[in-house]
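Notes follow the structure.
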Amino acid sequence: MRRVPDPLHFDAHADVYARARPPYPRELWAWLTDHGLLGPGTRVIELGAGTGQATGPMLAVGAAVTAVEPGPALAARLRAACPAATVRVGTAESVTLPVAAFDLAVAATSVHWLDLDVVLPALHRALVRSGRFAVWRNAFGDPTAPVTPFRERVAEIVARRGPDRARPGPGELDDAAWVERLTAGNRFVAVAVEEFRWSVDLATEQVRDLFTTFSDWEPGEVAEAARAVDELGGHVIEHYVTPLIVLDRVDAP
Ligand SMILES: C[S@@+](CC[C@H](N)C(=O)[O-])C[C@H]1O[C@@H](n2cnc3c(N)ncnc32)[C@H](O)[C@@H]1O
């Protein structure tokens with residue numbers, strides 16, 4: 001029987017996660033700093049921090065980051081990689097956050113794991129009146145880019161799956177549906193939606209590691225993807241998209 005995506009998948013592959021996940025694009029960080037969301041002294045609450053792919057760059061610009069991460073193995077690596085962060089081990093739904101204590105809430109490739117009926121009210125309480133919520137993710141595949149031979153092979157693997165593998169919730173590039181979910185309850189209003197497009201050159205082992213971290217990929221499928229890279233010369237160019245949704249806290253919902 002096929003498994004459904006499991007939020008603990010990442011914790012089970014914490015070492016691979018730390019080395020395999022690509023960083024977020026420079027343009028994303030520039031946008032956040034240029035628009036005054038992030039800078040020295042910004043108090044950030046980050047949900048689902050993993051091993052610190054977003055935590056590290058936020059600390060690097062001088063933000064004070066409290067990072068929430070439920071996976072104990074991920075949290076241990078996060079502490080080691082980002083000793084300046086305050087790490088809270090637990091889910092975003094279960095941690096108790098101080099009231100009006102943060103300028104910015106961040107969910108980096110984690111919002112699809114959150115129960116927003118619980119998390120949005122909690123963030124509304126935890127943010128200052130003028131607080132903001134920035135939601136972004138790395139989408140591993142850009143539907144607007146030319147289809148590469150490797151992407152054809154990925155599509156063949158995915159097409160063989162049964163119907164029960166899809167994660168519930170909007171698609172990862174369905175920005176409008178995510179805006180609707182994030183503004184439900186009128187606690188937040190969307191003020192910007194951006195998409196950053198970028199490319200990476202990945203070798204076979206990098207593809208094997210990266211696809212191992214995908215919660216909806218089974219080991220046999222990962223091996224097949226890695227084999228495809230070998231057959232295509234040992235390197236592939238991958239085109240990715242990083243959608244960003246920025247929300248302002250609404251004072252009185
Ligand atoms: C795809 S990873 C993203 C990690 C990191 N933010 C990054 O940018 O690579 C999703 C993360 O969300 C965490 N997660 C899953 N369910 C969660 C929940 N209910 N509350 C907070 N984090 C959760 C997972 O443990 C994992 O670290």
Side-chain angles (χ1 to χ4, degrees), residues 3-29 32 38 44-60 63 65-82 85-97 102 104-123 126 133-141 167-173 178 181-182 196 198 200 206 209-217 222 238 240-245:
R3 63 185 163 74
V4 292
D6 174 2
L8 292 177
H9 175 87
F10 309 105
D11 203 58
H13 298 283
D15 281 332
V16 182
Y17 197 97
R19 70 169 179 262
R21 285 275 174 152
Y24 293 102
R26 205 181 342 228
E27 292 74 15
L28 168 84
W29 298 117
L32 293 171
L38 191 63
V44 179
I45 175 73
E46 185 192 356
L47 306 177
T51 54
Q53 281 72 5
T55 322
M58 294 194 288
L59 291 169
V65 183
T66 297
V68 177
E69 172 50 54
L74 293 167
R77 279 156 190 80
L78 176 63
R79 281 200 174 103
C82 301
T86 301
V87 177
R88 304 274 309 270
V89 183
T91 63
E93 295 80 0
S94 67
V95 292
T96 304
L97 299 175
F102 299 100
L104 177 67
V106 164
T109 320
S110 61
V111 74
H112 47 294
W113 296 109
L114 307 181
D115 179 349
L116 292 176
D117 291 341
V118 177
V119 170
L120 291 175
L123 287 184
F133 184 17
V135 175
W136 70 81
R137 72 190 312 147
N138 276 342
F140 299 101
R167 209 169 13 225
E172 57 184 5
L173 292 175
W178 277 109
R181 289 285 292 112
L182 291 161
F196 305 96
W198 50 291
V200 284
Q206 290 173 297
D209 277 353
L210 179 59
F211 280 54
T212 296
T213 72
F214 294 163
S215 61
D216 51 353
W217 277 68
V222 173
E238 281 277 81
Y240 295 154
V241 192
T242 303
L244 164 71
I245 298 172

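Along the sequence shown, the residues carry numbers beginning at 1. Whatever order the structure lists them in is the order used to number ligands and atoms, beginning at 1.
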Show me which atoms of ligand 1 lie under 4.0 Å from any heavy atom of Y24. 7 (C), 8 (O), 9 (O)
Within the 4.5 Å heavy-atom criterion, are V89 and E69 side-chain neighbours or not? no
Top protein contact for atom 4 (C) of ligand 1, by heavy-atom distance: Y17 OH, 3.2 Å
Roughly how far, to the nearest 0.5 Å, is the CH2 atom of W113 from the CG atom of L47? 15.0 Å
In ligand 1, which numbered atoms sit nearer than 4.0 Å to a non-hydrogen atom of Q53? 7 (C), 8 (O), 9 (O)
Those atoms of ligand 1 less than 4.0 Å from some heavy atom in L74: 25 (O), 27 (O)
Tell me every residue that passes side chain to side chain contact (heavy atoms under 4.5 Å, CB included) with S110, counting only those two or more places apart in sequence or in another chain. A107
Nearest protein heavy atom to atom 16 (N) of ligand 1, by residue and atom, and its distance? W113 CB, 3.4 Å
Any atom of ligand 1 sitting under 4.0 Å from a heavy atom of L114? yes
Using side chain to side chain contact (heavy atoms under 4.5 Å, CB included) as the criterion, point out the one residue from L123, I245, V106, I45 that pairs with F133. L123
Do Q53 and Y17 come close enough that some side-chain heavy atom pair is under 4.5 Å? yes
Do side-chain atoms of R77 reach the backbone of G52 as a donor and acceptor pair under 3.5 angstrom? no
Which ligand 1 atoms does T109 reach within 4.0 Å, using its non-hydrogen atoms? 1 (C), 2 (S), 3 (C), 10 (C)
With heavy atoms under 4.0 Å as the rule, classify the contact between P70 and ligand 1 as side chain, backbone, both or neither. side chain
Please report which non-hydrogen protein atom sits nearest to atom 11 (C) of ligand 1, along with the residue it belongs to and the distance in Å to one decimal place. G48 O, 3.7 Å
Numbered in order shown, the ligand 1 atoms found under 4.0 Å of a heavy atom of A92 are 18 (C), 20 (N), 21 (C)
Can you list the atoms of ligand 1 that are under 4.0 Å from a heavy atom of S110? 12 (O)
Number the atoms of ligand 1 from 1 as they appear, then name those within less than 4.0 Å of a heavy atom of E93, with their elements. 18 (C), 19 (N), 20 (N)
Ligand 1 and A108, any nitrogen or oxygen pair closer than 3.5 angstrom? yes
Can you name the residues that form a side-chain hydrogen bond (donor to acceptor under 3.5 Å, both in side chains) with D117, not counting sequence neighbours? none
Flag side-chain contact, heavy atom, 4.5 Å: T51 against R21: no
Does an N or O from F10, backbone or side chain, lie closer than 3.5 Å to an N or O of ligand 1? no
Ring centres under 6.0 angstrom apart (W136, W178): no
Against heavy atoms of E69, which atoms of ligand 1 measure under 4.0 Å? 13 (C), 24 (C), 25 (O), 26 (C), 27 (O)
Below 4.5 Å, heavy atoms only, C-beta onward: do V111 and L116 meet side chain to side chain? yes
